[in-house]
Amino acid sequence: MLLAKIVPHIKRAWTVTEHCSDLALTKLASTEWLTYRSELFIPDFLVLLFKSPYFREKMIESVSGMGSLKRATPKALSKIWLPLPPQKEQHRILDRLNSLLTEINRVEIAYTELLTLGDIFRKQVLQKAIQGKLVPQLESEPVVTQIGEALKDIPFMIP
């Protein structure tokens, strides 16, 4: 496990294995990383712990230094309590979390599409309103008055 100790408010934690597919991580070398090895944790579960709001808050509380030079120290981080479920439960938690995160991603995509459709619909409704097509036109209504100079090419029929 690699845990970035510099600028700890940014959630940076990675699993690096002998068979790591990310070439950047296999060639990574820096003193700005804290390494963590344990047979007790499934690496992906530990990454989730390191990225959790609980751990990030505790990590930020333990930093020293000023400005962009703030760093978490191994000694301070070693004092942060981490829950340790059995490995079978870690697998169940990971499976459930991955399922939920997939669903969250799906909902986020749908929400973005809905916002786009809402914007399109809003524009269409406003266009129909200025064209007089939003509500039925009544014969008893007075003639439309105009503000500003008349256009030579009228973009739509004025009701």
Side-chain angles (χ1 to χ4, degrees), residues 1-135 147-148 151 155-156:
M1 291 299 314
L2 293 177
L3 179 64
K5 66 180 181 180
I6 188 169
V7 194
H9 66 280
I10 300 174
K11 300 175 186 174
R12 294 178 288 193
W14 291 275
T15 302
V16 180
T17 65
E18 291 178 24
H19 309 292
C20 185
S21 61
D22 189 339
L23 285 177
L25 290 178
T26 59
K27 297 177 181 178
L28 187 66
S30 172
T31 59
E32 298 302 335
W33 296 96
L34 300 172
T35 58
Y36 187 88
R37 289 179 184 89
S38 174
E39 299 296 321
L40 301 174
F41 287 103
I42 296 168
D44 289 341
F45 184 82
L46 194 55
V47 167
L48 294 174
L49 280 177
F50 285 160
K51 291 183 177 183
S52 71
Y54 160 77
F55 183 82
R56 302 316 296 186
E57 182 180 308
K58 295 296 182 187
M59 185 178 182
I60 288 171
E61 289 173 5
S62 70
V63 298
S64 60
M66 296 181 345
S68 64
L69 301 176
K70 289 182 180 176
R71 286 175 173 67
T73 63
K75 184 178 179 180
L77 290 176
S78 70
K79 294 179 182 177
I80 297 175
W81 175 82
L82 294 176
L84 178 60
Q87 286 197 354
K88 284 185 180 182
E89 186 172 347
Q90 290 178 44
H91 279 292
R92 286 195 311 270
I93 291 168
L94 283 169
D95 289 344
R96 180 68 175 137
L97 186 59
N98 287 332
S99 172
L100 290 170
L101 291 176
T102 299
E103 187 65 18
I104 289 169
N105 289 338
R106 188 190 66 73
V107 168
E108 286 176 336
I109 290 168
Y111 178 73
T112 301
E113 290 174 1
L114 184 61
L115 288 177
T116 301
L117 290 174
D119 190 45
I120 291 168
F121 183 63
R122 183 178 296 105
K123 288 175 183 176
Q124 289 175 346
V125 167
L126 291 171
Q127 185 64 27
K128 292 208 180 286
I130 68 163
Q131 291 176 346
K133 296 178 180 177
L134 192 61
V135 296
I147 299 174
L151 299 173
F156 50 84

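Counting from 1, the numbers follow the sequence of the chain as shown.
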Any [X] side-chain heavy atom under 4.5 Å of [Y] side chain:
X	Y	value
Leu49	Phe55	no
Thr116	Glu113	no
Ile93	Pro85	yes
Tyr54	Ile80	yes
Asp44	Gln90	no
Arg122	Asp119	yes
Arg96	Arg92	no

Working to the nearest 0.5 angstrom, can you tell me the gap between [X] [atom1] and [Y] [atom2]?
X	Y	atom1	atom2	answer
Leu100	Asp95	CG	CG	11.0 Å
Leu82	Leu46	CG	CG	7.0 Å
Phe50	Phe41	CZ	CZ	7.5 Å
Lys58	Lys79	NZ	NZ	13.5 Å
Gln124	Leu134	CD	CG	12.0 Å

For a quick test of reading the model, state the closest non-hydrogen atom pair linking Leu40 to Gln87 and the distance between them.
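Heavy-atom minimum between the residues: O-NE2, 3.4 Å.
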For Ile109 and Arg106, run side-chain contact (heavy atoms from CB on, under 4.5 Å): C-alpha distance rounded to whole Å, both residues' side-chain angles, the deciding distance at 0.1 Å, then the answer.
CA-CA 5 Å; Ile109 290 168; Arg106 188 190 66 73; 5.9 Å; no
